[in-house]
Amino acid sequence: MPELPEVETVRDGLARWVTGRRIATVEVNHARAVRRHLAGAQDLVARLTGARVEAASRRGKYLWLPLGGSAAGSALVAHLGMSGQLLVQPAGAADEKHLHVRIGFEDGGPELRFVDQRTFGGLLLDELVPAADRPVESVPASVAHIARDPLDPFFDDAGFAVRLRRRDSAVKRALLDQTLVSGIGNIYADESLWRAELHGERLGRTVSRAQVAALLGHVRDVLSAALRAGGTSFDALYVNVNGQSGYFDRSLNVYGREGEPCPRCGTPIRRSAFMNRSSFFCPRDQRPPRPKSAPRRAAGVH
DNA sequence: TATTTAACCTGGACGC
DNA sequence: TGCGTCCAGGTTAAAT
(Lines give C-alpha, C1' and ligand atoms only; values in the text may rest on other atoms or scores of the structure.)
Protein backbone atom coordinates (compact mmCIF):
# COMPACT_ATOMS: atom_id res chain seq x y z
CA MET A 1 0.00 0.00 0.00
CA PRO A 2 1.37 3.45 -0.78
CA GLU A 3 2.73 5.07 2.35
CA LEU A 4 5.48 7.70 2.50
CA PRO A 5 8.35 5.61 1.00
CA GLU A 6 6.19 4.45 -1.90
CA VAL A 7 4.81 7.94 -2.60
CA GLU A 8 8.28 9.48 -2.38
CA THR A 9 9.57 6.89 -4.86
CA VAL A 10 6.79 7.89 -7.25
CA ARG A 11 7.46 11.61 -6.67
CA ASP A 12 11.12 11.09 -7.54
CA GLY A 13 10.11 9.35 -10.76
CA LEU A 14 7.73 12.16 -11.69
CA ALA A 15 10.45 14.74 -11.05
CA ARG A 16 12.72 12.91 -13.48
CA TRP A 17 10.20 12.14 -16.20
CA VAL A 18 7.55 14.85 -16.18
CA THR A 19 9.10 18.09 -14.88
CA GLY A 20 9.57 20.79 -17.51
CA ARG A 21 7.06 19.28 -19.96
CA ARG A 22 3.94 20.99 -21.31
CA ILE A 23 0.60 19.15 -21.22
CA ALA A 24 -1.09 18.73 -24.61
CA THR A 25 -3.99 16.35 -23.97
CA VAL A 26 -5.93 15.08 -20.95
CA GLU A 27 -8.34 12.17 -21.07
CA VAL A 28 -10.56 11.24 -18.10
CA ASN A 29 -12.03 7.75 -18.47
CA HIS A 30 -13.49 7.34 -14.99
CA ALA A 31 -15.29 10.21 -13.26
CA ARG A 32 -14.64 8.78 -9.80
CA ALA A 33 -10.89 9.28 -10.29
CA VAL A 34 -11.43 13.08 -10.39
CA ARG A 35 -14.34 13.27 -7.91
CA ARG A 36 -12.37 15.56 -5.61
CA HIS A 37 -12.12 18.14 -8.40
CA LEU A 38 -15.46 19.70 -7.56
CA ALA A 39 -15.70 21.76 -10.76
CA GLY A 40 -15.85 18.51 -12.73
CA ALA A 41 -13.77 16.56 -15.22
CA GLN A 42 -14.30 19.03 -18.09
CA ASP A 43 -12.94 21.89 -15.99
CA LEU A 44 -9.93 19.78 -14.98
CA VAL A 45 -9.16 18.97 -18.62
CA ALA A 46 -9.55 22.60 -19.74
CA ARG A 47 -7.29 23.97 -17.02
CA LEU A 48 -4.58 21.33 -17.40
CA THR A 49 -4.31 21.57 -21.16
CA GLY A 50 -1.41 23.86 -22.11
CA ALA A 51 0.01 23.99 -18.57
CA ARG A 52 3.69 23.31 -17.92
CA VAL A 53 4.79 20.98 -15.10
CA GLU A 54 7.27 22.93 -12.95
CA ALA A 55 8.21 20.35 -10.29
CA ALA A 56 7.05 17.31 -8.33
CA SER A 57 6.30 17.83 -4.61
CA ARG A 58 4.98 15.74 -1.74
CA ARG A 59 3.60 16.04 1.76
CA GLY A 60 2.87 12.77 3.53
CA LYS A 61 1.01 10.57 1.06
CA TYR A 62 -0.10 13.48 -1.14
CA LEU A 63 1.76 14.31 -4.34
CA TRP A 64 1.41 17.40 -6.47
CA LEU A 65 2.81 18.89 -9.64
CA PRO A 66 3.04 22.71 -9.41
CA LEU A 67 2.03 24.14 -12.77
CA GLY A 68 3.21 27.09 -14.82
CA GLY A 69 1.92 28.85 -17.91
CA SER A 70 -1.87 29.06 -18.15
CA ALA A 71 -2.31 27.30 -14.78
CA ALA A 72 0.34 29.20 -12.80
CA GLY A 73 -0.41 29.32 -9.07
CA SER A 74 -2.14 25.94 -9.10
CA ALA A 75 -1.06 22.31 -8.95
CA LEU A 76 -2.23 18.91 -10.09
CA VAL A 77 -2.74 17.04 -6.81
CA ALA A 78 -2.72 13.24 -6.60
CA HIS A 79 -3.47 10.76 -3.85
CA LEU A 80 -2.83 7.09 -4.60
CA GLY A 81 -5.30 5.79 -2.03
CA MET A 82 -4.72 2.06 -1.62
CA SER A 83 -4.07 0.93 -5.15
CA GLY A 84 -3.39 4.04 -7.23
CA GLN A 85 -0.43 4.17 -9.62
CA LEU A 86 1.10 7.06 -11.56
CA LEU A 87 2.88 5.48 -14.50
CA VAL A 88 5.08 7.01 -17.18
CA GLN A 89 4.41 4.93 -20.29
CA PRO A 90 5.26 5.20 -23.98
CA ALA A 91 2.34 6.81 -25.82
CA GLY A 92 1.62 3.65 -27.79
CA ALA A 93 1.73 1.20 -24.86
CA ALA A 94 -1.37 -0.94 -24.27
CA ASP A 95 -3.91 0.54 -21.85
CA GLU A 96 -3.93 -0.82 -18.32
CA LYS A 97 -7.19 -2.43 -17.14
CA HIS A 98 -7.93 0.36 -14.68
CA LEU A 99 -6.52 3.30 -16.63
CA HIS A 100 -8.61 6.26 -15.43
CA VAL A 101 -6.69 9.37 -16.55
CA ARG A 102 -4.19 9.79 -19.40
CA ILE A 103 -2.06 12.94 -19.77
CA GLY A 104 -0.15 13.49 -23.01
CA PHE A 105 2.63 16.03 -23.57
CA GLU A 106 3.47 18.44 -26.39
CA ASP A 107 6.87 16.78 -26.92
CA GLY A 108 5.14 13.54 -27.93
CA GLY A 109 7.21 11.62 -25.36
CA PRO A 110 6.00 9.19 -22.69
CA GLU A 111 2.55 9.95 -21.23
CA LEU A 112 1.51 10.09 -17.58
CA ARG A 113 -1.22 7.62 -16.58
CA PHE A 114 -3.31 7.36 -13.43
CA VAL A 115 -4.29 3.73 -12.89
CA ASP A 116 -6.30 2.62 -9.86
CA GLN A 117 -8.00 -0.70 -9.21
CA ARG A 118 -9.97 0.28 -6.10
CA THR A 119 -10.45 3.96 -6.99
CA PHE A 120 -9.76 5.20 -3.46
CA GLY A 121 -7.19 7.53 -4.99
CA GLY A 122 -7.72 10.39 -7.38
CA LEU A 123 -6.57 13.63 -9.00
CA LEU A 124 -7.66 17.24 -8.68
CA LEU A 125 -6.45 20.69 -9.71
CA ASP A 126 -6.05 23.01 -6.75
CA GLU A 127 -4.76 26.47 -5.83
CA LEU A 128 -1.41 26.73 -4.05
CA VAL A 129 -1.50 28.54 -0.69
CA PRO A 130 1.31 29.46 1.77
CA ALA A 131 2.05 26.71 4.33
CA ALA A 132 0.63 27.75 7.72
CA ASP A 133 3.87 27.14 9.64
CA ARG A 134 6.25 28.38 6.94
CA PRO A 135 4.68 30.86 4.49
CA VAL A 136 7.63 30.82 2.06
CA GLU A 137 6.54 27.29 1.22
CA SER A 138 3.35 26.67 -0.75
CA VAL A 139 1.02 23.68 -0.61
CA PRO A 140 -2.27 22.94 -2.36
CA ALA A 141 -5.24 24.17 -0.29
CA SER A 142 -6.58 20.61 -0.11
CA VAL A 143 -3.32 19.42 1.48
CA ALA A 144 -2.93 22.30 3.96
CA HIS A 145 -4.52 20.31 6.83
CA ILE A 146 -1.96 17.50 6.46
CA ALA A 147 0.93 17.54 8.96
CA ARG A 148 4.55 17.38 7.90
CA ASP A 149 6.11 13.93 7.79
CA PRO A 150 8.94 12.78 10.10
CA LEU A 151 11.52 12.98 7.29
CA ASP A 152 10.64 16.65 6.66
CA PRO A 153 13.43 18.89 8.08
CA PHE A 154 10.74 21.23 9.46
CA PHE A 155 8.86 18.50 11.33
CA ASP A 156 8.26 19.67 14.91
CA ASP A 157 9.31 16.81 17.23
CA ALA A 158 8.46 18.66 20.44
CA GLY A 159 5.06 19.75 19.15
CA PHE A 160 4.29 16.18 18.09
CA ALA A 161 5.19 14.85 21.54
CA VAL A 162 2.97 17.40 23.27
CA ARG A 163 -0.03 16.64 21.06
CA LEU A 164 0.44 12.86 21.24
CA ARG A 165 0.75 12.89 25.04
CA ARG A 166 -2.43 14.94 25.38
CA ARG A 167 -4.44 12.24 23.63
CA ASP A 168 -6.89 9.96 25.33
CA SER A 169 -6.69 7.48 22.48
CA ALA A 170 -4.30 4.83 21.19
CA VAL A 171 -0.75 5.59 20.02
CA LYS A 172 -1.31 3.69 16.78
CA ARG A 173 -4.38 5.78 16.06
CA ALA A 174 -2.19 8.87 16.48
CA LEU A 175 0.47 7.51 14.11
CA LEU A 176 -2.22 7.01 11.48
CA ASP A 177 -3.70 10.49 12.01
CA GLN A 178 -2.34 12.46 9.05
CA THR A 179 -3.14 15.80 10.73
CA LEU A 180 -0.71 14.90 13.55
CA VAL A 181 2.07 13.21 11.56
CA SER A 182 1.82 12.28 7.90
CA GLY A 183 3.12 9.53 5.68
CA ILE A 184 2.59 6.59 8.05
CA GLY A 185 0.08 3.86 7.20
CA ASN A 186 -0.78 0.53 8.75
CA ILE A 187 2.41 -1.29 7.69
CA TYR A 188 4.99 1.23 8.92
CA ALA A 189 2.95 2.01 12.07
CA ASP A 190 3.17 -1.66 13.11
CA GLU A 191 6.86 -1.91 12.19
CA SER A 192 7.74 1.26 14.13
CA LEU A 193 5.76 0.22 17.21
CA TRP A 194 7.48 -3.18 17.19
CA ARG A 195 10.90 -1.54 17.05
CA ALA A 196 9.90 0.82 19.87
CA GLU A 197 8.51 -2.14 21.90
CA LEU A 198 5.26 -0.26 22.36
CA HIS A 199 1.80 -1.75 21.99
CA GLY A 200 -0.29 0.30 19.56
CA GLU A 201 -3.26 0.40 21.92
CA ARG A 202 -1.32 2.19 24.67
CA LEU A 203 -3.01 5.52 25.26
CA GLY A 204 -1.09 8.60 24.20
CA ARG A 205 -1.27 10.11 27.69
CA THR A 206 0.49 7.04 29.18
CA VAL A 207 3.56 7.32 26.95
CA SER A 208 6.59 9.18 28.32
CA ARG A 209 8.43 11.94 26.46
CA ALA A 210 11.42 9.61 26.11
CA GLN A 211 9.23 6.89 24.62
CA VAL A 212 7.78 9.34 22.08
CA ALA A 213 11.29 10.44 21.12
CA ALA A 214 12.38 6.83 20.69
CA LEU A 215 9.26 6.01 18.69
CA LEU A 216 9.91 8.92 16.33
CA GLY A 217 13.46 7.67 15.84
CA HIS A 218 12.17 4.23 14.91
CA VAL A 219 9.58 5.72 12.54
CA ARG A 220 12.37 7.57 10.77
CA ASP A 221 14.56 4.46 10.61
CA VAL A 222 11.75 2.34 9.13
CA LEU A 223 10.67 4.96 6.60
CA SER A 224 14.26 5.64 5.52
CA ALA A 225 15.08 1.95 5.11
CA ALA A 226 11.88 1.37 3.11
CA LEU A 227 12.68 4.37 0.94
CA ARG A 228 16.13 2.95 0.16
CA ALA A 229 14.44 -0.34 -0.87
CA GLY A 230 12.02 1.46 -3.18
CA GLY A 231 9.02 0.82 -0.93
CA THR A 232 6.99 -2.24 0.07
CA SER A 233 5.03 -4.32 -2.43
CA PHE A 234 2.97 -7.39 -1.63
CA ASP A 235 1.48 -7.58 -5.09
CA ALA A 236 1.29 -5.46 -8.24
CA LEU A 237 -0.71 -2.75 -6.49
CA TYR A 238 2.25 -0.57 -5.64
CA VAL A 239 4.86 0.18 -8.31
CA ASN A 240 7.10 3.11 -9.20
CA VAL A 241 6.47 5.23 -12.31
CA ASN A 242 8.20 2.58 -14.42
CA GLY A 243 5.94 -0.19 -13.12
CA GLN A 244 8.59 -1.81 -10.89
CA SER A 245 7.90 -3.09 -7.35
CA GLY A 246 9.89 -2.23 -4.22
CA TYR A 247 11.36 -4.99 -2.07
CA PHE A 248 11.09 -3.74 1.53
CA ASP A 249 8.49 -6.45 2.28
CA ARG A 250 11.47 -8.79 2.76
CA SER A 251 12.59 -6.58 5.65
CA LEU A 252 9.29 -6.45 7.53
CA ASN A 253 9.58 -7.82 11.07
CA VAL A 254 5.93 -8.15 12.13
CA TYR A 255 3.51 -6.91 9.48
CA GLY A 256 1.79 -9.87 7.79
CA ARG A 257 3.81 -12.34 9.89
CA GLU A 258 1.16 -13.78 12.23
CA GLY A 259 2.40 -16.98 13.88
CA GLU A 260 6.02 -16.49 12.80
CA PRO A 261 8.67 -16.04 15.53
CA CYS A 262 9.43 -12.49 16.63
CA PRO A 263 12.91 -11.71 15.19
CA ARG A 264 13.90 -10.33 18.62
CA CYS A 265 12.62 -12.91 21.12
CA GLY A 266 11.09 -15.79 19.15
CA THR A 267 7.56 -15.39 20.54
CA PRO A 268 4.96 -16.01 17.82
CA ILE A 269 3.71 -12.74 16.28
CA ARG A 270 0.07 -12.09 17.02
CA ARG A 271 -2.58 -10.36 14.95
CA SER A 272 -5.51 -8.39 16.30
CA ALA A 273 -8.29 -6.27 14.83
CA PHE A 274 -7.88 -2.54 15.38
CA MET A 275 -9.56 0.38 13.60
CA ASN A 276 -11.18 -1.86 10.98
CA ARG A 277 -7.81 -3.31 10.01
CA SER A 278 -5.14 -5.71 11.29
CA SER A 279 -2.42 -4.99 13.80
CA PHE A 280 0.62 -7.25 14.10
CA PHE A 281 2.70 -7.24 17.27
CA CYS A 282 4.91 -9.32 19.55
CA PRO A 283 2.88 -10.12 22.69
CA ARG A 284 6.04 -10.42 24.80
CA ASP A 285 7.91 -7.28 23.74
CA GLN A 286 4.81 -5.14 23.23
CA ARG A 287 2.71 -5.67 26.30
CA PRO A 288 -0.93 -4.78 25.70
CA PRO A 289 -2.25 -2.11 28.08
CA ARG A 290 -4.35 -3.45 30.92
CA PRO A 291 -8.03 -3.39 29.96
CA LYS A 292 -9.99 -0.62 31.60
CA SER A 293 -11.49 -1.99 34.81
CA ALA A 294 -15.26 -1.99 35.04
CA PRO A 295 -16.64 0.90 37.10
CA ARG A 296 -16.82 -0.09 40.74
CA ARG A 297 -20.18 -0.20 42.41
CA ALA A 298 -20.63 2.25 45.25
CA ALA A 299 -20.27 0.57 48.61
CA GLY A 300 -23.49 -0.82 49.92
CA VAL A 301 -25.34 -0.53 46.63
CA HIS A 302 -26.55 -3.74 44.97
C1' DT B 1 -14.67 19.34 21.38
C1' DA B 2 -12.63 14.86 21.14
C1' DT B 3 -12.93 10.43 19.67
C1' DT B 4 -14.69 6.46 17.07
C1' DT B 5 -17.08 4.15 13.37
C1' DA B 6 -18.66 3.19 8.80
C1' DA B 7 -18.63 3.74 3.99
C1' DC B 8 -16.31 3.88 -0.20
C1' DC B 9 -14.16 0.07 -3.82
C1' DT B 10 -12.23 -4.17 -6.39
C1' DG B 11 -10.11 -8.53 -6.87
C1' DG B 12 -8.10 -12.48 -4.74
C1' DA B 13 -8.58 -16.21 -1.36
C1' DC B 14 -11.37 -19.39 0.68
C1' DG B 15 -15.30 -22.46 1.93
C1' DC B 16 -19.15 -24.91 0.43
C1' DT C 1 -17.32 -24.63 -11.69
C1' DG C 2 -19.81 -21.22 -9.51
C1' DC C 3 -21.48 -18.70 -5.84
C1' DG C 4 -21.19 -16.15 -1.54
C1' DT C 5 -18.35 -14.15 1.99
C1' DC C 6 -14.36 -12.10 3.86
C1' DC C 7 -10.29 -9.33 3.67
C1' DA C 8 -6.93 -5.71 2.38
C1' DG C 9 -6.77 -0.20 4.08
C1' DG C 10 -6.47 5.74 3.35
C1' DT C 11 -9.60 9.23 3.96
C1' DT C 12 -13.51 11.57 5.55
C1' DA C 13 -18.32 12.30 6.79
C1' DA C 14 -21.27 10.99 10.28
C1' DA C 15 -22.12 9.27 14.73
C1' DT C 16 -21.13 8.98 19.58
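If you take CG of Leu164(A) and P of dT3(B), they are 11 Å apart, rounded to a whole angstrom. Spacing between atom NZ of Lys172(A) and atom P of dG10(C) amounts to 9 Å, rounded to whole angstrom units. The CZ atom of Arg166(A) sits 12 Å away from the C1' atom of dA2(B) (whole-angstrom rounding). Rounded to whole Å, atom P of dT11(C) lies 10 Å from atom CG of Asp177(A). The distance between atom CD of Glu258(A) and atom C1' of dA8(C), rounded to the nearest whole Å, is 14 Å. For Leu4(A) and dG10(C), the CG to C1' distance is 14 Å, given to the nearest whole Å. A straight line from CG of Leu203(A) to P of dT3(B) spans 10 Å, rounded to a whole angstrom. Following rounding to the nearest Å, Asp168(A) (CG) and dA2(B) (C1') show an atom-to-atom distance of 9 Å.
Considering only side-chain N and O atoms, His145(A) lies under 4.0 angstrom from the phosphate OP1 or OP2 of dT12(C). In terms of phosphate contacts, Gln178(A) brings a side-chain nitrogen or oxygen within less than 4.0 Å of OP1 or OP2 of dT11(C). Proximity of His79(A) to the phosphate of dT11(C): a side-chain N or O atom is located under 4.0 Å from OP1 or OP2. OP1 and OP2 of dT10(B) both lie 4.0 Å or more from every side-chain N or O belonging to Lys97(A).
Qualifying salt bridge (Lys or Arg N to Asp or Glu O under 4.0 Å) partners for Asp149(A), counting only residues two or more places apart in sequence or in other chains: Arg58(A). Judged as a salt bridge (Lys or Arg N to Asp or Glu O under 4.0 Å), and not counting sequence neighbours, the contacts of Arg21(A) are Asp107(A). Asp126(A) meets the salt bridge (Lys or Arg N to Asp or Glu O under 4.0 Å) test with no other residue; sequence neighbours excluded. With sequence neighbours excluded, the residues that form a salt bridge (Lys or Arg N to Asp or Glu O under 4.0 Å) with Arg16(A) are Asp12(A).
Backbone-only contact: Tyr62(A) has heavy atoms under 4.0 Å from sugar-phosphate atoms and none from a base. His30(A) comes within contact range of no nucleotide atom at all, as no heavy-atom separation falls under 4.0 Å. Contacts of Arg271(A) with the nucleic acid, taken as non-hydrogen atoms under 4.0 Å apart, involve only primed sugar atoms and P, OP1 or OP2.
At least one donor-acceptor pair closer than 3.5 Å links the side chain of Asn186(A) to the backbone N or O of Ser278(A).
A salt bridge links Asp95(A) with Arg102(A): at least one charged nitrogen is closer than 4.0 Å to a carboxylate oxygen.
Under the 4.5 angstrom side-chain criterion for Ile, Leu, Val, Met, Phe, Trp and Tyr, the cluster partners of Leu176(A) are Phe274(A), Met275(A). Under the 4.5 angstrom side-chain criterion for Ile, Leu, Val, Met, Phe, Trp and Tyr, the cluster partners of Val143(A) are Tyr62(A), Trp64(A), Val77(A), Leu124(A), Leu128(A), Val129(A), Val139(A), Ile146(A).
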**Message:** Checking Asp157(A) against Arg220(A) for the salt bridge (Lys or Arg N to Asp or Glu O under 4.0 Å) test, could you report, in this order, the C-alpha distance in whole Å, the side-chain angles of both residues, the deciding distance, and whether it holds?
**Reply:** CA-CA 12 Å; Asp157(A) 285 33; Arg220(A) 290 190 170 110; 2.8 Å; yes

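Sorted by first and then second residue, the side-chain hydrogen bond (donor to acceptor under 3.5 Å, both in side chains) pairs with a member in residues 33-52 of chain A read His37(A)-Asp43(A), Asp43(A)-Arg47(A), Arg47(A)-Glu127(A), Arg52(A)-Glu54(A); sequence neighbours excluded.
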Report, one pair per line, the protein and nucleotides 5-9 of chain B atoms (nitrogen or oxygen only) whose separation is under 3.5 Å.
| unit_1 | atom_1 | unit_2 | atom_2 | d |
| --- | --- | --- | --- | --- |
| dA6(B) | N7 | Asn276(A) | ND2 | 2.9 |

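The bend of the helix from dA2(B)-dT16(C) to dC16(B)-dG2(C), defined by the angle between the axes of its first five and last five pairs, stands at 50° to the nearest 10°.
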